[in-house]
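Heads up, the thing below is written out as structure tokens.
Excluded from the calculations below are hydrogen atoms, water molecules and symmetry mates; all remaining heavy atoms, backbone and side chain alike, are included. Remember, it's 1-based here, ligands and their atoms both numbered in the order they're listed.
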Amino acid sequence: MTRKIVLPPKKERHKLFGSIEPGLKLKPTEKAQMPDLQNTKRDFLFSIDAVGISNVKYPIIIESDLNPKQQTTIASFKMTSKISHDSKGTNMSRFTEQLEIYRQNGGFILTIKNLFDFTKELAERLKQQDASIEVTFPWFYERKGPSSELIGLNHADAKISVSYVDGVGFTSSASLTCGVTTLCPCSKEISEYSAHNQRGFVTMNVEFTEDYHENKDWKVALLEAAETNASAMIHPVLKRPDEKMVTETAYENPRFVEDMVRLVAADLYELDFIQAFTVECRNEESIHLHDAIASLSFRK
Ligand SMILES: Nc1nc2c(ncn2[C@@H]2O[C@H](COP(=O)(O)OP(=O)(O)OP(=O)(O)O)[C@@H](O)[C@H]2O)c(=O)[nH]1
């Protein structure tokens with residue numbers, strides 16, 4: 001038989017679990033009367049390169065040249081600035097205050113132009129000479145099966161970083177990590193049949209040229225650089241005719257991890273809005289428990 005429970009009022013329940021009455025409160029409750037420790041001015045020995053907040057989850061709106069053309073996604077923000085040796089601390093509340101102003105103003109639309117405005121305003125709000133922001137988010141894009149043309153959603157992990165220094169200006173960079181299929185050329189060469197293949201992850205970090213204004217979607221350009229140089233693309237929905245095509249395409253385009261980083265580098269070299277890049281590939285080897293990795297960096 002079910003036991004009938006007689007619940008005490010909520011306040012009594014809290015007492016039952018250890019809540020106590022508030023003690024005597026003597027410290028000021030008005031903001032103006034409260035000590036402002038973080039604004040203490042004295043020689044605190046060292047300047048700090050970056051102080052602020054990280055791992056701030058916030059909804060953002062992103063635009064894309066691929067479908068869906070606009071999407072709301074959840075980003076993780078890191079926002080910092082320098083402080084000099086004679087400041088005790090930063091004003092932490094001003095970082096999230098600034099973020100919320102952007103959300104309330106029609107949503108935070110994540111363009112590089114908006115991030116330029118954001119970092120400059122953040123530096124001003126913090127009364128500092130500089131501010132930096134890093135925004136990490138999953139970007140979703142439609143992908144069709146090669147034969148059936150059935151659509152599903154893939155995603156890549158994207159990051160945009162912007163820094164502003166008063167009197168100097170802005171720098172911006174971005175990174176994209178996406179999954180691909182790679183088929184081992186050595187395995188294909190030596191085996192009577194088949195070849196082992198694996199899921200590879202390509203990460204591209206790129207520095208934009210000063211005149212880049214997102215007339216071309218950097219996310220799509222980087223995705224293309226990785227996917228069109230892989231053995232095959234990754235698909236969310238595949239019917240048998242699609243699967244046959246993907247399997248044969250991978251066999252026709254074998255790639256070592258070294259081939260991947262060099263071929264992707266060649267595509268990034270051709271993109272005129274990129275002035276420097278790093279390409280990394282990590283293959284989750286299907287015949288080993290370890291991964292195969294390669295990376296290269298280049299400044300044009
Ligand atoms: N500087 C600093 N603040 C911290 C840290 N950890 C938490 N905080 C909190 O940041 C909050 C204060 O933010 P501030 O922006 O300085 O608040 P405020 O001075 O009332 O705000 P303003 O009027 O904008 O100057 C407090 O709740 C602090 O406890 C830390 O490690 N350093």
Kindly state if [atom] has a protein heavy atom within a strict 4.0 Å cut-off, that is, under 4.0 Å?
atom                    : answer
atom 7 (C) of ligand 1  : no
atom 3 (N) of ligand 1  : yes
atom 13 (O) of ligand 1 : yes

Minimum-distance protein heavy atom relative to [atom]:
atom                    : value
atom 21 (O) of ligand 1 : Ser93 OG, 3.7 Å
atom 25 (O) of ligand 1 : Arg94 NH2, 2.5 Å
atom 28 (C) of ligand 1 : Gln38 NE2, 4.6 Å
atom 19 (O) of ligand 1 : Asn91 ND2, 3.7 Å

Quiz item: Backbone or side chain, does any N or O of Thr90 fall under 3.5 Å from an N or O of ligand 1?
Solution: yes
Quiz prompt | Heavy-atom nearest option to atom 31 (O) of ligand 1, drawn from Lys88, Met92, Lys127, Arg125 | solution =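 Heavy atom nearest to atom 31 (O) of ligand 1 belongs to Met92.
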Quiz item: Do Arg103 and Glu100 sit within salt-bridge range, that is, some charged N less than 4.0 Å from a carboxylate O?
Solution: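 The answer is yes: the pair qualifies as a salt bridge.
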Quiz item: Do Thr181 and Asn197 have side-chain N/O donor and acceptor atoms under 3.5 Å apart?
Solution: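 Distance-only check fails for Thr181 and Asn197.
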Quiz item: Quick one: do the Gln198 and Glu284 side chains pair a donor with an acceptor below 3.5 Å?
Solution: no
Exercise. May I ask you to check whether Tyr102 and Tyr58 place their ring centers less than 6.0 Å from one another?
Key: no
Quiz prompt | Lys31 and ligand 1 - part of the residue with a heavy-atom distance under 4.0 Å | solution = side chain
Quiz item: Considering residues, nucleotides and ligands other than Gln104, do more than 12 of their heavy atoms fall under 6.0 Å from its CD?
Solution: yes
Quiz item: How are the rings of Trp139 and Tyr141 set relative to one another: parallel (under 30°), tilted (30 to 60°) or perpendicular (over 60°)?
Solution: tilted
Quiz item: Are Ile160 and Phe273 linked, directly or through other ILVMFWY residues, by side chains that come within less than 4.5 angstrom of each other?
Solution: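 The answer is yes; both residues are in one hydrophobic cluster.
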